[in-house]
Amino acid sequence: MNKTYLKLSLDLDFVLIAITASLKDYVLCHKINTNLNFEFSKIDDHEVFFNTDEAPLSFSKYYFFMEEGEQEYFLVSNRNSEGFLIPEMNKVDFFMVIHQFIDKEDLNFITSNLNKIPDIQVAAQIDVRKLKSKENLVM
């Protein structure tokens with residue numbers, strides 16, 4: 001009998017920016033909206049199953065769609081009362097996930113302007129492929 005194997009691959013075609021800021025999620029969104037002219041709005045929480053026999057963990061999530069370039073932006077909290085979305089990055093408070101192509105100039109503009117917000121300690125691009133828990137970021 002022939003065996004057929006199913007090989008799954010994750011769609012990791014997005015840019016990831018890690019943000020360290022000791023702010024509430026809605027306060028950070030307001031500051032980003034004000035400083036970068038974005039329009040983040042709250043959507044349903046991002047749920048991740050860490051164990052199949054337990055309830056999923058929920059992380060707050062915000063969404064913004066930029067018609068020019070058809071880019072989708074998500075701002076997701078890395079922390080909740082029960083753990084981390086990406087445990088190996090436990091110093092990071094939020095992740096900005098950018099779907100669709102973004103050129104280096106626009107990405108540098110976003111990260112530099114995020115770093116200009118006084119309440120943000122650090123905003124830096126992260127290589128998604130190097131994360132152990134990268135599947136938790138699939139939206």
Listed partners of [X] passing side chain to side chain donor-acceptor pair (under 3.5 Å), at least two apart:
| X | answer |
| --- | --- |
| Asp93 | Arg79 |
| Lys31 | Asp119 |
| Ser60 | Asp25 |
| Ser133 | Glu88 |

Can you name the residues that form a side chain to side chain contact (heavy atoms under 4.5 Å, CB included) with Asp127, not counting sequence neighbours?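 Result, side chain to side chain contact (heavy atoms under 4.5 Å, CB included) vs Asp127: Arg129, Lys130.
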
Determine the interplanar angle of the Phe74 and His99 rings, folded into 0 to 90°, and report it as parallel if under 30°, tilted if 30 to 60°, perpendicular if over 60°.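 Rings of Phe74 and His99: perpendicular, over 60°.
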
Find the distance between CG (Asn35) and CG (Asn113) and round it off to the nearest 0.5 Å.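 The distance works out to 7.5 Å.
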
Are Val27 and Phe64 connected into the same hydrophobic cluster when the rule is that any two of I, L, V, M, F, W, Y join if their side-chain heavy atoms are below 4.5 Å apart?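 Shared cluster, yes.
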
Side chain to side chain contact (heavy atoms under 4.5 Å, CB included) assessment of Met96 paired with Tyr73: CA-CA 7 Å; Met96 183 181 288; Tyr73 293 80; 4.1 Å; yes

Counting only heavy atoms not in Glu39, do more than 12 fall under 6.0 Å of its CD?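 No, the 6.0 Å shell around CD holds no more than 12 heavy atoms from other groups.
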
Are there over 12 heavy-atom neighbours, none belonging to Tyr26, within less than 6.0 Å of that residue's OH?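 No, OH of Tyr26 has 12 or fewer neighbouring heavy atoms, counting only those of other groups under 6.0 Å.
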
Donor-acceptor list for residues 14-24 side chains, cut-off 3.5 Å, not counting sequence neighbours:
none

Between the side chain of Asn80 and the main-chain N/O of Ser58, is any donor-acceptor distance below 3.5 Å?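 Between the backbone of Ser58 and the side chain of Asn80 there is a qualifying donor-acceptor contact (under 3.5 Å).
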
Determine whether Ile126 and Leu131 make a side-chain contact, defined as any pair of heavy atoms from C-beta on separated by less than 4.5 Å.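 Ile126 vs Leu131: side chains touch.
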
